[in-house]
Amino acid sequence: MLGCAPADREPALMHTSPLVDYRPPALPPIENGIAHGLPREAYTAEAQLALEYRKVFARHWTFVGFAHDAQEPGDAYPTQVAGQPILVARGHDGVLRAFHNVCRHRGHVLLRDACRGARAIVCPYHGWTYAMDGRLRRAPHFGGYARVPEDFTPERFGLKELRCEVWHDWVFVNPDANASALDAYVGALRPYIDGVDLSRAQVVSKLDFGVVRANWKLLIENFVEPYHVPVVHRESAGGQPLRGHYMIVDGHCFGCGVDVSDAPDAERGERLDMSTRYLTLFPNFVFAWYQPDQLGVHLNVPLAPDRTRQWRVIYQIGKEDWDPEYAERLCSLWRQVHLEDHGIVEELQSGRASCVMDDGGLLSPHWETSVRRFHELLVDTLV
Ligand code: FES
Ligand SMILES: [Fe+2]
């Protein structure tokens, strides 16, 4: 029986595969005051995504999951960062941690599905067993039947831990051990959510949209520009007219907002008709405040140049619990809004097969300044 020595606590560096010759796009030009978007290979090339994994997701605070999905000791779930499998687990000491989701023996992925109240994580291949805080507890028969190799030091072979911090319900991983604290990163949102008591955020529903057949950047871009709203969401967002929107471009925070003054003429929850702030923190934290009492957070996990896994969590932040019928109407509304957007981004992805998109298309100098800011941040990071 192996002892239970402290786990290997050195944060694991995120090693990504070496890059073949690939030159990331330069910042697209501005012609007569109008910017171009990123060229098509930014959305289609495997090498682009490999570079983004290496320089964006492995070096920034990346949103990887929700704390409420590992609420109790022994809860854990698999996710990804920078294309690598990781798991988020709550130890029996109550601490939430992130680890590479890979057995230290031969590299079998440990967790395929979420688990609740587990005592340990057992590798399905040869039964190596890890405590929920990452320590290696057992490596059965590793040195022969019922034997441990003489010089084997289990404390060296705990799960590889990643730097992980939680902000309210949102779990972030930053493989760069030298990066600044999460607080400085999320602080960019504060001017835009003044008066919101995030400690009240209560999960109403988690919507799982499965795999969207589009590059992750198209989902971010679509979220931060309001130009499409009156066309794509004519009914579902009919209470948020284009004329009420304004843009937000502020460091690594970018998006837009809308002020709605007209009295709603639909039943509450049937369409978007409230003042809203749509905010993104580079690279992938997507957050919206629907005033006064609703939040929405998207988790987008890039799987391939043309595949992204997406979830949305709806929160209530008011003092009164929502009426269940209202909550149900909102869930239906959000499913509808996301499906409308997915139809668009999947066609945008198809359009990236065309050589016409070599010039990246054009960005509105008014309504797509947030998209331009996203491109600036991305291109600056990739050089
Ligand atoms: S690969 Fe996990 S126990 Fe062998
Ligand atoms: Fe949309």
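Counting convention: from 1, in listed order, for ligands and their atoms alike. These numbers were taken from a predicted model, which means no experiment stands behind them.
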When the aromatic ring centroids of His338 and His298 are compared, is their separation below 6.0 Å? yes
Between Phe374 and Trp216, is the ring centroid distance below 6.0 Å? yes
For the Fe ion (ligand 2), find the closest N/O/S atom on His228 and give its atom name. NE2
Examine all N, O or S atoms of His108, backbone included, and report whether one is under 2.8 Å from atom 2 (Fe) of ligand 1. no
Quick note on ligand 1: atoms under 4.0 Å from a heavy atom of Cys123 include exactly 1 (S), 2 (Fe), 3 (S)
Taking NZ, NE, NH1 and NH2 as the nitrogens, is one of them in Asp293 or Arg268 under 4.0 Å from a carboxylate oxygen of the other? yes
In His105, which N, O or S atom comes closest to atom 4 (Fe) of ligand 1? ND1
Give the atoms of ligand 1, by number and element, whose distance to some non-hydrogen atom of Trp128 is under 4.0 Å. 3 (S)
For atom 4 (Fe) of ligand 1, give me the closest N/O/S atom belonging to His126, just the atom name. ND1
Of all protein heavy atoms, the one nearest atom 1 (S) of ligand 1 is Arg106 N, 3.3 Å
State yes or no: are the ring centers of Trp128 and Phe157 separated by less than 6.0 Å? no
Atom pair CD/CD of Glu325 and Glu267 - distance to nearest 0.5 Å: 8.0 Å
Please walk me through it: do Arg372 and Glu368 pass salt bridge (charged side-chain N to carboxylate O under 4.0 Å, His left out)? CA-CA 6 Å; Arg372 174 68 176 185; Glu368 291 168 318; over 6 Å; no
Ligand-residue contact atoms, ligand 1 with Gly127, heavy atoms, under 4.0 Å: 3 (S)
So that I can check it, does any N, O or S atom in Asp341 come closer than 2.8 Å to the Fe ion (ligand 2)? yes
Scan side-chain atoms only and decide if His233 and Gln240 contain a donor-acceptor pair under the 3.5 Å cut-off. no
